[in-house]
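Everything below concerns the one structure shown next.
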Amino acid sequence: MTTTDMTTTDTPGERTDRYDAVPVEQKWRERWERDEIYRAPDPADWDPKKPKWYALTMFPYTSGDLHIGHWYAMVPPDVGARYRRMTGHTVMFPIGFDAFGLPAEEAAIKRNIHPHTWTLNNVARMRGQLKTMGAMFDWSREVVTCLPDYYKWTQWFFLRLYKHGLAYRAKAPVWWDPAAQTVLANEQVIDGRSERTGAEVYRRDLEQWFFRITNYAEELLDFSKVDWPERTKAMQRNWIGKSTGATIVFRTEAGEPLEVFTTRPDTLWGATFMVIAPEHPLVEQLTTPERRAEVERYRTQTAKVSEVDRQSTEKEKTGVWTGGYAINPANGERVPVWIADYVLVTYGTGAIMAVPSGDQRDFLFARKYGLPVRVVVQPPGGHLDGDTMTEAYADAGTMVNSGPLDGLTTETSKARAIEWLEAHGAGSAKITYRMRDWLISRQRYWGAPIPMIYTQDGQIVPVPERDLPVLLPEDAQFRPTGESPLRYHEGFYNTVSPIDGTPARRETDTMDVFMCSSWYQFRYASPHFDMGPELGPIDPAMKAWLPVDQYSGGIEHAVMHLLYVRFFTKAARDMGIVDFDEPMIRLFNQGIILGEDNEKMSKSRGNVINPDDYVLKYGADVYRLALMFRSPWDMGGPWQSGTVPGVNRFVQRAWAVVDAVSPVSDGDGDAPAAEIAALRRLTHQTIRAVSKDMETFGFNTMIASLMEFVNGLTKAHALVGTAAYREGVETLALLVAPSAPHLAEEMWARLGNTYSVHQQSWPEWDPDLAREAEIVIPVQINGKVRDRITVAAGTDDATLRATALASPRVQEILGGREPKKVIIVPERMVNIVG
RNA sequence: GCCGAAGUGGCGGAAUGGCAGACGCGACGGUCUCAAAAACCGUUGUCCGCAAGGGCAUGAGGGUUCGAGUCCCUCCUUCGGCACCA
């Protein structure tokens, strides 16, 4: 359990607040729930004048207590969804729980509590905590991914993908803990050792299930149908990693084809050796008896190294010669074949031709192991010598030592090399992607079982859709065997062939939890729909809700989850399940909120902030505002409890200006016209600023504007009783409604208006009322501000220029000199260059 | 290491290439009080100056521009991701 020490920075001492948030919030939350004012209507009941708006925030993982990070992820989207509602949209804002995964299983092993119990206890607690947020979640749509009525459809998606050729089996390595005899997650491997047993781990191949996400690589590079952050799109593009080049077929001396991928086919004549991944299937055949021991030693060593380390460009390259040779198809030369861990079996063909004169990695490798370097590209005016050059030359130049390419420029030689390869049957143009197919098998219990059956005669047969779900048995044992616990559950493991009823066994691996979160956005449209496998999990009558209009979630999901969900949608489209290309049209990735010590929050560090403490002390609204106010939402950063009392002060002052209101006597009475105009100007400028910030999710500056508005209303106390003041406080209640929903509702009631403020329209600003009468413009001389002039708004450039030049201060500094140039930025500034 | 971000007062941060520091925290001074807390009012980047005013200042160093926190190049630091944490 964690407690938060709040004694130092934010103890309010004796509370003398006039607005007592906690009971007020409780009252309104109960009323909203009773009235179901946030229930999203079915498409049949939509008002045709109101466009639909499906807002979604990434559902929480059922890790235990709700913490500040959840509020940070959910409050701003709630504010955005409420704003859309007030601006005339029919809004759905659902919530659910991502409930399968490793932590539940770890908790089960450590605390001897069943993952099912642990998870559902967490769901119950988190649901209660979420409700204190005062968000407009439509709880009638809640989904929990570990329940059979949900994972049945996760399995259904697997079967559909299988049927459409998008699921297949292949070998892939997993981390193996020899002491526990179990597969480990990357997270459970610390410095090459098992987190739990301390044993040295290594990678071991297992037969596993994959999805062909690479079939969609090209389409996933296209973001033309979404409005997503540039940084997220850049990360996805780089993750997919498109490379254009060629495959070239070398041959081993035994005549076996040994294919490489290269982006520089033009340098083929400079390939003086080859490097293949230690896991490459031809290693066995190429290795000569006298090299075998060393090759084996190197392969064992490689199995212990993580992929991040293997790809490090800092670390010195290592490798060993297999003793074998391959034939370069360009010139028939015998080149030695090496293995090295920097070549990955998962990228390209798992083999490269090494051109040390043109590639720095190959160059260092060649120098280290005394391999020949042959120059094939001479830089303009240069004469490199393979024996004396000190680094590779990768830029353009003139081809040499390259047979038919000699004398060509680098630009033309690439295409010519591919023509040559195709003419000689030695290769062809090829596009390769860094992205790999999606491995979805997990040798674990707490996940959706993969609905496949293996018959005695070796067939792989899908479970018929009508037999779904394949239920996860609740009485499985967690034996450390290296296989899924389901392997040892007789009732689960033993089944019969759907073809002929002969004995068969079930697939015992479960699915990656990212599968659950790849289609949940569809399920919210019809969370309880089940009319059989033909119709699938989405009620055709509810499809009008899709796709998601505004999605949000942590930047840490920029690549994996957000690529998988796009892949699922494109595959679902091609399978006729949905009729659009992208799952989420607009996306916002928030930053990560850290503990007050600027470290990631974790129970072990003891820096976890529990929202409940604040909610009980100040109410949810103050906490909502504090989270939005502290920094731009996409930045994240350390939580500062010091923000809270300041925001509480704002809430109290906001309440005070509304509470002070009195009935409007006779319009604006005899109040000074200038003061009335100034107040109305502030009101309409605030509507403009807040509306703009709502559109861009600029919540921190939005609240700053609201604070200025409240300060202005406080100072305009003399105008209480005027129509202008009444307009001001009503506007305040409306503008604050999305951010501080309870406070706004209480204000709205205090003003004598009809329930509910959340069913009102967003106010509009009048540009004429918002316009400033006079503006102050800085006058710069050579870029330094030397004077300021006050002019009427809309003053033309010629007048601005004349006014600026006529200023005594400017005259004095210029001392009679004629300015070389005068730059006027309309309504902004004058710069005199002297 | 690779990919993506961020770096501005004592602190969180604001700023369509156009007055750097909005808004808030903290600090200081004041009002109220026997006193304190709370609340309210005021001051608050830094240096020089009695003042008027001036100099310096947005991680470091260069560049483009009449003008750079903002654009370009090089570097440093911190954070997120790197395919079985989610």
Side-chain angles (χ1 to χ4, degrees), chain A residues 9-17 58 60-63 98 100-103 106 174-175 183-189 229-239 241 306-315 346 434-444 512-514 517 554-561 563-564 589 591-592 594 598 600 626 629-632 634-647 649-650 652-653 656 698 700-701 703-708 711 714 776-780 782-785 788 820-823 825 828-834:
Chain A
T9 43
D10 63 346
T11 300
E14 296 278 320
R15 295 295 298 276
T16 56
D17 297 342
M58 290 177 191
Y61 181 72
T62 50
S63 52
D98 188 16
F100 271 138
L102 183 64
E106 291 295 297
V174 292
W175 283 119
V183 173
L184 297 180
N186 285 339
E187 189 188 51
Q188 298 171 298
V189 177
E230 285 305 323
R231 61 171 169 166
T232 307
K233 292 191 286 187
M235 280 189 264
Q236 293 209 349
R237 273 191 212 103
N238 292 332
W239 180 270
S306 75
E307 288 210 4
V308 170
D309 290 339
R310 283 178 66 165
Q311 289 174 83
S312 167
T313 50
E314 189 81 330
K315 189 189 71 162
T346 49
R434 198 188 74 97
M435 179 173 67
R436 311 199 288 256
D437 276 338
W438 176 11
L439 194 170
I440 59 118
S441 294
R442 298 292 181 268
Q443 295 71 43
R444 301 229 162 78
D512 180 4
V513 294
F514 274 123
S517 53
I555 186 67
E556 71 273 21
H557 292 295
V559 175
M560 300 181 67
H561 162 61
L563 258 185
Y564 295 146
N589 287 123
I592 293 169
L594 304 171
N598 201 23
K600 202 167 178 171
F629 182 57
R630 60 164 295 283
S631 68
D634 57 356
M635 290 282 294
W639 166 247
Q640 291 193 306
S641 55
T643 312
V644 171
V647 170
R649 220 166 282 157
F650 161 69
Q652 296 303 326
R653 289 162 61 107
N700 58 330
T701 48
I703 290 164
S705 298
L706 290 170
M707 286 174 168
E708 288 180 83
N711 291 344
T714 305
V776 177
I777 290 184
V779 179
Q780 294 186 342
N782 294 327
K784 288 196 184 293
V785 179
R788 290 185 170 78
K820 289 201 188 95
K821 196 169 163 190
V822 179
I823 291 147
V825 184
R828 294 308 285 264
M829 76 140 46
V830 177
N831 188 15
I832 299 164
V833 184

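Each chain gets a letter, A, B and so on, in the order the sequences are listed, and its residues count up from 1. What's counted below: heavy atoms across the whole structure, side chains too, no hydrogens, waters or symmetry copies.
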I'd like to compare against my own output: the B/S/- annotation of nucleotides 76-83 of chain B with a strict under-4.0 Å heavy-atom distance to protein. ----BSBB
Base contacts versus sugar-phosphate-only contacts with protein, heavy atoms under 4.0 Å: please encode nucleotides 16-22 of chain B as B, S and - from 5' to 3'. B-BB--B
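The side chain of V513(A) has A86(B) as its nearest neighbour among C66(B), A86(B), C23(B).
Because its glycosidic torsion is within 90° of 0, G9(B) is reported here as syn.
Scanning for salt bridge (charged side-chain N to carboxylate O under 4.0 Å, His left out) contacts around K233(A) gives E230(A), with sequence neighbours left out. Partners of F514(A) by ring-ring contact (aromatic ring centres under 6.0 Å, His included), not counting sequence neighbours, listed by chain and number: Y564(A). Legend: residues meeting salt bridge (charged side-chain N to carboxylate O under 4.0 Å, His left out) with R310(A), ordered by chain and number and at least two apart, are E279(A).
Here S63(A) lies out of heavy-atom contact (under 4.0 Å) with every strand. D98(A) comes within 4.0 angstrom of sugar-phosphate atoms only, judged by non-hydrogen atoms across all strands, and of no base. Counting any heavy atom pair closer than 4.0 Å across all strands shown, P638(A) reaches no nucleic acid atom.
A sub-4.0 Å separation between OP1 or OP2 of A39(B) and a side-chain N or O of R649(A) is present. In this model, the phosphate group of C23(B) is not approached by any side-chain N or O of N711(A) to a distance below 4.0 Å at OP1 or OP2.
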Pairing annotation in dot-bracket form, given for RNA chain B with Watson-Crick or G-U pairs under 3.5 Å and | for cross-strand partners: (((((((..(((.....[....)))((((((.......))))))((((....))))..(((((..]....))))))))))))....
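Between the side chain of R237(A) and the base of C3(B), no donor-acceptor pair under 3.5 Å is found.
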